[in-house]
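Shown next, in structure tokens, is the structure this report addresses.
Please read these numbers as outputs of a predicted model, since none were measured by experiment.
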Amino acid sequence: MVSSRQRARMVGFVCAALAALAVLAPAASARPHATTRLRWKACAKGFECATARVPRDYAHPGGKKLGIAVTRLPARDKRHRIGSLFVNFGGPGADAVASLHSFGKDLFSSLNDRFDIVGFDPRGAGQNKPAIDCKVNQETQGLYGQPFFTPLNLKVKALVTRSKRYARRCVRRNRAILPYVSTANVARDMNRLRAAVGDRKLTYLGFSYGTFLGATYASLFPKRYRALVLDGPVDADEYINHPTRNLQAQSAAFDRALARFFMTCAAQQDVCKFGGADPWAAFDALVARAYRHPLPASGDHPRPVDGDDVLAAAGFATYAKQLWPLLAASLAMAADGDGTGIRALVDQSYGWSRNGYDPSTDRYFAITAVEQHYPRDRRFFLTEGARSWSLFPYTYWNTGYVELPYAYFPIKPVGVFRGPFRAARRATPPLVVATTYDPATPYRGALSLVAQLRRARLLTMVGDGHTAYGGNSRCIDAAVNAYLVRRKAPPHGALCRQEVPFAALRPAAAGGGASRGLLRSLQPRLALVH
């Protein structure tokens, strides 16, 4: 779920000193002699691809190197070209190369007139080798594996066994790359790539976790950015230094987003055919019923649907308002005894395909486990699991018990940066773009990030779903484009409104090809789901 964790912990004076040296060392990497060369070749239609060689450990830039996959879509207006626009789709650990090839031309069409659109796969992800993959069934063995435990069904031994097995398997299969995948190292890679494409300063658009990458870059390289857009922002300090608190705020936001879906559904029964005057109560009844008697489901991956599945599907569907009609149709089908629509949403949320499970959740876990600040005491997670159950009716499984694998992750980070997060006084103020009812990165996190950066400008979209740019609001798109092209920031307190209606979708379409087609059409938005 677009979300956020941390794990590496300082132990004693020696570790603190080593971490401080690791943070200071990268300053040397910005010197002119530290160059990276790119040999571009045609790849996907209209795109060029290259592999960059970067230091595995920036404290030892002459040591082992990593290959970083890079792609670009050259600017159409060569005469008025400004430079390169670097983009990151979040995660952490989301790819950029394949995503840009898939939907980059459409998403960045206006910006591509004046910019080369550049994406690179973060170390440990995408087409890079090695790429993190724990090789597990995400639905039963992964970080968000089912069953979702509560104080009522908790089996401590089973939870501990599953958590240890997952953490140790991830470490065993990916140990060589894990110490080096911190966000700060990805920011250092991006600085190398900025120089390699010939840009004196970075122009950047980051979504979700990509806003944390942008804030980290601004803090490490305060004189090396031209313009930064941070869309769907995380509270940078809380994300890396207080991850459980960050996830609790996220769980509250997911529950709030689902409540808004219920209210809209009740008000628009002409298009939302679920639950009548009280979809909220109908949903509660459906979850309870599915726990007692799982619903049959057909489709590409037929398996019965239980209450955990209904909760997982609902949480996933709040990521984009464009998914609301599919959720409504799937719930209506489920109320009639057919779980096929719910199963399609659950498969998407866990990254299932005929080729197996996508490893993006493994990458999310490993990268956050390396750098976020988590305790080792399992009692902390058991206590927070019970607390989560008491606070969050629908998204309790997003924090607490689910975080226990972090207690068993032994890798220490190399080159991590945990703040303070600051924007340069004399640079163009970063543009923070926030959605008022964003479930994955709550709006208050945006306010906190603006305060931390000190010189950032806040642009708000009144609406639902995760992130704002790209098809939600013409006002947002125009403001972001103007900022990136002309460095013209909107006025303080600028507001835009979302322009996405609660459209109708026939319930029968939820379980067949129309369901898959809608999910494919939302690929740019769903790329933001870890």
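Within the 3.5 Å criterion, the main-chain N or O of E48 finds a donor-acceptor partner in the side chain of T71. For the pair N128 (side chain) and P130 (backbone), a donor-acceptor distance under 3.5 Å is absent. Put simply, the side chain of K321 never gets that close to the backbone of G465: no donor and acceptor are under 3.5 Å apart. Judged by distance alone, with hydrogens and angles left aside, the side-chain atoms of D338 form no donor-acceptor pair with the main-chain N or O of M333 at under 3.5 Å. Judged purely by atom type and a 3.5 angstrom limit, T211 uses its side chain to pair as donor or acceptor with the backbone of V234. A donor-acceptor pair is defined here as one N or O able to donate and one able to accept, closer than 3.5 Å; no such pair exists between the side chain of T340 and the backbone of G299. Between the side chain of Q269 and the backbone N or O of C272 there is at least one donor-acceptor pair closer than 3.5 Å. T467 places no side-chain N or O within donor-acceptor distance of the main-chain N or O of G232, the cut-off being under 3.5 Å. Under the 3.5 Å distance criterion, the side-chain polar atoms of D106 are left unmatched by any main-chain donor or acceptor of S109.
Side-chain contact of T399 with E384: a donor-acceptor pair under 3.5 Å is absent, judged by distance alone. Between the side chains of Q250 and N398, a donor-acceptor pair is found at a separation under 3.5 Å.
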task: Start with the C-alpha distance between R363 and D358, add both sets of side-chain angles, then the distance that settles salt bridge (Lys or Arg N to Asp or Glu O under 4.0 Å), and finish with yes or no.
output: CA-CA 10 Å; R363 292 164 187 172; D358 186 277; 5.6 Å; no
message: Quick one, D309 with R343, criterion salt bridge (Lys or Arg N to Asp or Glu O under 4.0 Å). Give me CA distance, side-chain angles, the key distance, then yes/no.
response: CA-CA 7 Å; D309 294 317; R343 174 55 61 204; 3.2 Å; yes
- request: Please test D121 against I68 for side chain to side chain contact (heavy atoms under 4.5 Å, CB included), starting from the C-alpha separation and ending with a verdict.
  value: CA-CA 6 Å; D121 288 339; I68 301 295; 5.6 Å; no
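Here the side chains of M461 and Y469 are not in contact, with every heavy-atom distance at 4.5 Å or above. Put simply, the side chain of Y350 does not reach to within 4.5 Å of the side chain of T140, judged on heavy atoms.
In terms of the salt bridge (charged side-chain N to carboxylate O under 4.0 Å, His left out) criterion, residue partners of D464 (sequence neighbours excluded) are, by chain and number, R260.
Atom CD1 of I411 is separated from atom CD1 of I177 by 11.5 Å, given to the nearest 0.5 angstrom.
Between F365 and Y166, the two ring planes are tilted [angle within 30° to 60°]. Ring planes of Y239 and Y209: tilted class, angle from 30 to 60°. Aromatic ring orientation, F207 versus F108: tilted (interplanar angle from 30° to 60°). Between F103 and F89, the ring planes are perpendicular. Angles over 60° get that label, and only those under 30° would be called parallel.
D133 and R173 are not joined by a salt bridge, as no carboxylate oxygen comes within less than 4.0 angstrom of a charged side-chain nitrogen. A salt bridge is defined here as a Lys NZ or Arg NE, NH1 or NH2 lying under 4.0 Å from an Asp or Glu carboxylate O, and R303 with D347 meets this definition.
Applying ring pair (Phe, Tyr, Trp, His ring centres under 6.0 Å) to W389 and the options Y396, F148, Y401, F149 leaves one that passes, Y396.
For residues 283-304, the ring-ring contact (aromatic ring centres under 6.0 Å, His included) pairs, not counting sequence neighbours, are F262-F283, F283-Y394, H301-W352.
Remark: R76 CZ is packed, more than 12 non-hydrogen atoms of other residues, nucleotides or ligands lying under 6.0 Å away.
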